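Taking it in order: structure first as structure tokens, then the write-up.
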Protein chains: 4
Amino acid sequence: MSQQQQNKLKVGVLGATGTVGQRFILQLADHPQFELAALGASSSSAGKSYSAAVAGRWKQVRSIPANVAQMPVYECQPQHFAQCQVVFSGLDSGPAGPVEDAFRKAELRVFSNAKNYRTDPLCPLVVPLVNPDHFDIIPHQKSQVGTKTGFIITNANCSTTGIVVPLKALEDRFGPLDKIVVQTMQAISGAGYPGVSSLDILDNVVPYISGEEEKIEWETAKILGGMTSDKTAFDLHADSPLKVSAHCNRVPVIDGHLETVSVSFKRQPPPSVEEVKQCFREFVTVPQQLGCHSAPQQAITLHEEADRPQPKLDREWQNGAGVNVGRVRQCPVFDIKFVVLSNNVMIGAATSSVMNAEIALAKGFLTQ
Amino acid sequence: MSQQQQNKLKVGVLGATGTVGQRFILQLADHPQFELAALGASSSSAGKSYSAAVAGRWKQVRSIPANVAQMPVYECQPQHFAQCQVVFSGLDSGPAGPVEDAFRKAELRVFSNAKNYRTDPLCPLVVPLVNPDHFDIIPHQKSQVGTKTGFIITNANCSTTGIVVPLKALEDRFGPLDKIVVQTMQAISGAGYPGVSSLDILDNVVPYISGEEEKIEWETAKILGGMTSDKTAFDLHADSPLKVSAHCNRVPVIDGHLETVSVSFKRQPPPSVEEVKQCFREFVTVPQQLGCHSAPQQAITLHEEADRPQPKLDREWQNGAGVNVGRVRQCPVFDIKFVVLSNNVMIGAATSSVMNAEIALAKGFLTQ
Amino acid sequence: MSQQQQNKLKVGVLGATGTVGQRFILQLADHPQFELAALGASSSSAGKSYSAAVAGRWKQVRSIPANVAQMPVYECQPQHFAQCQVVFSGLDSGPAGPVEDAFRKAELRVFSNAKNYRTDPLCPLVVPLVNPDHFDIIPHQKSQVGTKTGFIITNANCSTTGIVVPLKALEDRFGPLDKIVVQTMQAISGAGYPGVSSLDILDNVVPYISGEEEKIEWETAKILGGMTSDKTAFDLHADSPLKVSAHCNRVPVIDGHLETVSVSFKRQPPPSVEEVKQCFREFVTVPQQLGCHSAPQQAITLHEEADRPQPKLDREWQNGAGVNVGRVRQCPVFDIKFVVLSNNVMIGAATSSVMNAEIALAKGFLTQ
Amino acid sequence: MSQQQQNKLKVGVLGATGTVGQRFILQLADHPQFELAALGASSSSAGKSYSAAVAGRWKQVRSIPANVAQMPVYECQPQHFAQCQVVFSGLDSGPAGPVEDAFRKAELRVFSNAKNYRTDPLCPLVVPLVNPDHFDIIPHQKSQVGTKTGFIITNANCSTTGIVVPLKALEDRFGPLDKIVVQTMQAISGAGYPGVSSLDILDNVVPYISGEEEKIEWETAKILGGMTSDKTAFDLHADSPLKVSAHCNRVPVIDGHLETVSVSFKRQPPPSVEEVKQCFREFVTVPQQLGCHSAPQQAITLHEEADRPQPKLDREWQNGAGVNVGRVRQCPVFDIKFVVLSNNVMIGAATSSVMNAEIALAKGFLTQ
């Protein structure tokens with residue numbers, strides 16, 4: 001083992017054979033700060049090598065990393081992850097609740113992509129480009145659940161993640177937003193594998209995704225809201241309530257959620273189109289300031305061409321770690337409207353969890 | 001020639017080889033009131049039989065009607081249409097302006113799918129399920145352009161057509177609307193042939209269609225507005241201005257425009273979700289009352305399933321002559337939100353022109 | 001009950017909620033000779049109305065027929081089908097084996113789309129446009145299994161069905177074929193619902209369908225082969241063995257299997273391209289001669305355009321009951337090559353079963 | 001200018017704004033041996049910066065390289081390329097003939113992706129992984145056309161390129177092949193931009209590509225054939241004629257041509273499946289031996305999974321510079337059958353031209 005590897009933090013992946021788990025593995029395979037040390041999956045996979053367990057379900061363009069292919073897969077029980085300080089959870093919402101709690105109680109830091117603890121008043125719901133200050137509730141979470149080092153951090157639903165980045169930029173500069181109407185056109189990869197049947201989506205759009213509109217409407221408030229001064233609770237944007245209405249649609253696109261957004265500001269007159277564009281261009285985020293490995297160079301890439309961003313052309317930009325915004329223009333009904341593209345499998349899922357862990361490491365939460 | 005054919009009105013099609021022209025031909029080939037008597041296309045097609053002129057470009061699932069295949073194609077000049085009382089225009093906006101005017105001056109009634117005369121203050125912009133009362137301007141139009149029988153009627157842009165049907169139903173029952181935010185997911189057939197390159201749309205969404213948002217925002221006011229009492233002008237909804245904001249997107253769907261809509265009412269409190277559903281179910285339109293051949297049985301088909309309407313499953317319903325509405329629910333920002341599906345190549349194009357002519361015939365405008 | 005209905009033969013559908021079962025229901029809902037009298041599905045559906053049982057899984061463009069929606073669904077046990085003379089089986093191959101046998105033993109005539117009995121030496125494998133003479137084994141089948149009226153008839157795999165129609169036409173006119181290389185490009189609907197994951201097929205081709213190549217290679221011999229003179233066995237083309245090689249691929253097409261075929265003839269010199277075309281045009285089949293309700297007007301539609309047939313444009317022709325052939329030309333390696341398109345959900349599945357029953361009825365096999 | 005750049009060979013790109021031209025630019029932007037020094041396009045682009053000229057048509061996932069965006073675009077006339085020793089031609093076949101000849105006469109080495117000179121008896125048709133020995137005709141070409149340094153090298157049609165790599169491997173080890181039947185499923189990017197209309201290919205397969213089958217059947221013989229001993233002519237495999245039959249189809253896949261192949265060998269008994277697999281695995285090519293910058297590590301990647309290679313999953317492997325082969329198995333009609341995937345925009349187009357130039361440089365043909 002090299003000196004460098006000895007200094008890396010040992011991490012595990014729960015749900016390692018699933019769609020999100022596969023992304024975690026690609027992100028962690030050669031990470032400078034984290035060493036992938038243990039893999040967990042369902043009991044049908046346990047006991048196999050990773051390549052055997054994932055056979056026929058590895059759907060990534062990149063191959064299984066050579067150093068991961070032969071790693072053993074365990075059941076998702078803390079005793080198999082004793083050497084780890086951190087686990088990333090790509091578990092489905094079915095098993096995620098009790099399993100993640102068991103890992104927390106076993107004093108592991110859990111960075112979860114599942115929805116189960118997003119609404120928990122003790123668990124931060126963190127989009128790393130938006131609200132990493134919410135990590136400050138961790139001491140309170142630990143005291144309440146009685147752990148020394150274990151805690152759970154969640155990241156947001158993929159369709160929420162895309163819009164809160166530009167919304168945060170706007171609130172930081174122009175004060176609170178008033179109303180938001182957002183319509184999503186979401187990629188099939190957002191539904192996991194096998195997920196959406198081809199018979200349902202080829203030559204079609206499905207104007208419904210179960211629970212998605214409610215998630216966007218609710219998560220936005222928690223993410224954009226602040227915390228109480230004693231760092232024991234989230235204020236859910238309660239002092240300046242946002243009205244959010246979402247229309248969610250599934251479209252035949254492999255990766256990349258496109259969303260159209262109309263917003264109005266509390267401040268009147270509202271900022272001009274040019275001021276909004278400049279705000280987006282100049283938005284700098286905490287993981288960029290901390291020099292995090294997975295942080296994008298540009299948090300928001302502003303497109304000036306009339307027909308961009310597009311999923312096919314822009315989703316891979318910056319390895320999917322930033323957000324693309326375009327078509328910023330005046331809205332005849334609200335103040336400003338624009339288009340957002342975010343890579344749902346990167347910043348919308350695994351990249352957010354890993355970036356959250358990088359921020360937490362930089363802020364000292366992984367070594368306390 | 002049978003007795004029945006003798007009683008039919010002779011009609012022609014301009015732009016007969018194009019995408020919309022092909023749809024006109026299918027609609028008119030066995031129409032009970034209209035007899036397809038002359039075909040016009042560009043000079044490169046003139047002189048050929050229709051089947052020869054359209055070879056390699058006929059993209060319909062149904063074959064070229066046998067009685068049309070051998071019809072000669074002429075240039076789009078009125079002398080070749082002397083036997084016709086009516087022409088349907090599927091011309092591109094390039095040639096449509098002067099050609100349609102020449103046919104009007106030659107005393108033909110022109111029912112046009114082109115955009116050129118939609119904004120003309122003398123020309124009705126008629127969605128047959130919404131505002132056929134706008135035909136009342138025809139006498140004024142004729143007097144102003146100096147014709148005895150010739151006039152031009154336009155139908156709306158395909159993405160406007162879908163939404164104005166439910167909006168009209170709402171205004172008729174609940175009074176004027178206040179604000180509307182609409183997002184479209186439009187089929188590739190809306191762009192004609194060859195139209196959208198496959199490299200631009202496979203595994204992609206393009207969040208921009210040139211001029212489309214402005215058309216929706218403007219056309220809605222003309223269509224939903226009334227007329228002055230002397231029947232010489234449209235009031236453009238000016239006494240109760242609507243604010244409309246549109247986000248237009250092209251999606252990889254062959255036929256069928258899906259649109260998500262959020263609306264608020266001037267009347268407060270607004271109608272309930274159940275009242276709105278009932279309003280949609282009970283909406284009856286003029287072409288239905290007149291018993292027009294192309295009219296749908298149900299103007300608005302209300303879907304109660306959570307994930308309907310969908311383009312692939314619902315676009316062929318009623319031969320695409322009606323509109324599908326679903327997911328009627330409360331909007332956290334406005335009052336009500338819902339989803340609309342309309343068949344852009346049927347009610348969104350050729351069917352509207354033909355239904356307009358059927359209404360005009362029933363109202364006596366084609367025999368004056 | 002009308003006089004006409006009294007004269008209809010009562011039929012049932014097994015696997016009524018599945019993809020093939022839905023097609024059976026559409027075909028039988030207003031059939032002039034058969035009356036849909038009983039529906040069977042899995043125990044989770046039993047006890048519900050059909051519309052309740054199929055909710056969320058009805059994926060047809062046409063609505064559930066009004067007279068079927070409220071029919072009760074039973075488990076697939078013969079006692080619930082006592083009033084029926086015939087059942088059509090759209091069962092999956094898992095349950096099909098014992099269930100179909102139970103119905104046969106209960107003296108029902110079973111027309112099955114499942115693969116289980118295709119290789120059974122007592123069961124005919126009948127493509128109705130090709131080998132309905134194989135019904136002649138029915139008396140022997142009944143005597144061997146000890147039934148008076150009950151028997152099982154299978155139809156072929158959807159990709160086999162397409163090619164054997166033109167191959168039969170060729171053999172009938174030009175004598176035995178020698179070698180065949182066929183490559184399929186098969187629609188996603190061939191895999192049932194949910195079937196192929198959209199993540200596997202959007203922007204992709206999968207060059208493998210489990211078991212499909214073997215089926216084509218084997219079924220072709222049984223279908224194109226004759227019977228022993230005592231009508232107790234199939235000769236599997238054994239006196240003139242065909243060599244068949246198949247390459248099977250799944251493509252992102254909703255309906256319609258496209259297949260490219262190269263063939264060589266035993267007879268040398270082989271027929272010319274023009275002779276082959278004429279042979280295809282003139283091919284007349286038994287169900288056409290018997291005037292069967294579901295028979296196509298033209299068994300093989302020959303396309304002369306360079307780029308036809310195509311799934312999107314030609315699969316609905318004749319309601320999918322015939323086969324489309326195009327690009328007939330010389331093969332630099334074999335004698336002749338051409339392209340075949342067949343509608344896998346119509347002639348490739350339910351339509352074949354129903355047409356088989358129509359033939360059997362006309363030949364007296366359903367009333368003996 | 002750095003020392004390294006001074007030592008690079010200056011190269012130009014003809015047809016720089018087209019689909020293939022864009023790929024050339026990405027390949028050459030940071031090439032270790034070639035310096036992109038001049039860009040040529042049509043007169044409508046001439047005089048603009050490259051980014052202005054290509055605006056709205058740049059369809060690559062990677063951005064325009066920063067050092068290319070501001071380069072001026074010239075007409076495709078030799079005087080604008082005086083500083084270059086080599087030009088790469090991505091011209092359409094319309095202008096390619098006279099333009100490429102003019103550049104050759106101006107003493108430039110032309111590496112062309114166009115079809116015009118592929119059949120020229122003086123011009124090599126070189127797939128770099130297969131027959132770079134055909135460069136040996138260059139002295140004869142120069143002497144015949146009267147140039148000192150100028151010559152034209154072509155690379156093959158994209159669908160030919162994929163199959164000749166494994167065919168060459170087989171012939172090298174097992175001797176001449178006898179018969180080949182190949183079916184292609186070709187990506188839309190092979191038709192350029194805008195190329196295939198989305199209305200022609202969404203939910204569809206088109207079983208015809210103009211001229212494509214003839215190209216495969218003819219080019220294969222030239223590429224796999226040898227040369228006369230005096231290096232003045234190609235023998236077109238004439239001493240051991242191959243019979244090749246191709247069925248070409250366009251499928252809704254963005255990049256990556258999939259081809260199914262059945263082959264028979266002159267040598268009987270033929271090699272076993274295992275011997276063929278080993279032959280593919282061990283195939284080593286000239287550009288690999290020469291250490292060419294663009295050469296793949298593995299010329300043929302052999303897949304053992306039942307359903308691979310697939311365009312979506314495997315086309316980016318090795319940056320598309322090698323060929324993927326899978327499903328090697330016995331053919332019931334011929335000897336062996338298998339599946340080939342090649343990246344049509346990489347090894348099938350620009351990568352081949354650049355790799356050809358790298359080989360030519362290594363062999364001294366660019367400095368003579």
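We use all heavy atoms of the structure for the numbers below, so side chains are in, but hydrogens, waters and symmetry mates are not. Each chain gets a letter, A, B and so on, in the order its sequence line appears, and its residues count up from 1. If you're wondering where the values come from, they're calculated on a predicted model, not measured in any experiment.
- For chain A, the nearby parts of B:Val205 are the backbone and the side chain; heavy atoms of each come within less than 4.5 Å.
- Residues B:Val181 and A:Gln183 form a side-chain contact, since some pair of their non-hydrogen atoms from C-beta on lies under 4.5 Å apart.
- Here the CZ atom belonging to A:Arg327 is positioned 8.0 Å from the SG atom belonging to B:Cys248, to the nearest 0.5 angstrom.
- For a residue to count as touching a neighbouring chain, one of its non-hydrogen atoms must lie under 4.5 Å from one of that chain's; by this rule A:Leu199 touches chain B with backbone and side chain alike.
- Interface remark: B:Leu258 contributes side-chain atoms only to the contact with chain A (heavy atom separation under 4.5 Å).
- The most heavy-atom pairs under 4.5 Å with chain B, out of A:Asp200, A:Val339, A:Asn204, A:Ile209, come from A:Asn204.
- Heavy-atom neighbours of A:Glu305 CD from other residues, nucleotides or ligands within 6.0 Å: above the threshold of 12.
- B:Glu217 touches chain A through its side chain: at least one heavy atom from C-beta onward sits under 4.5 Å away, while N, CA, C and O do not.
- A distance of 11.5 Å separates CG of B:Asn249 from CD of A:Glu259, quoted to the nearest 0.5 Å.
- In this structure, the portion of B:Arg329 lying under 4.5 Å from any heavy atom of chain A is its side chain and not its backbone.
- Here A:Asp307 does not pair with B:Arg250 in a salt bridge; the nearest charged N to carboxylate O distance is not below 4.0 Å.
- Of the listed residues (A:Val244, A:Val251, A:Leu242, A:Asp255), the greatest number of heavy-atom pairs within a distance under 4.5 Å of chain B belongs to A:Val244.
- Here the side chain of A:Lys243 pairs no donor or acceptor atom with the backbone of B:Phe334 at under 3.5 angstrom.
- Contact of B:Val182 with chain A is made through the backbone alone, with heavy-atom distances under 4.5 Å.
- Only the backbone of B:Ile180 comes within contact range of chain A, with heavy atoms under 4.5 Å apart.
- The line from CG of B:Leu313 to CG of A:Asp203 is 10.0 Å long, rounded to the nearest 0.5 Å.
- Dense packing is recorded around CH2 of A:Trp58, with more than 12 heavy atoms of other residues, nucleotides or ligands lying under 6.0 Å away.
- To the nearest 0.5 angstrom, B:Ile254 atom CD1 is 8.0 Å from A:Leu202 atom CG.
- For the atom pair NE2 of B:His247 and NZ of A:Lys337, the computed distance is 5.0 Å after rounding to the nearest 0.5 Å.
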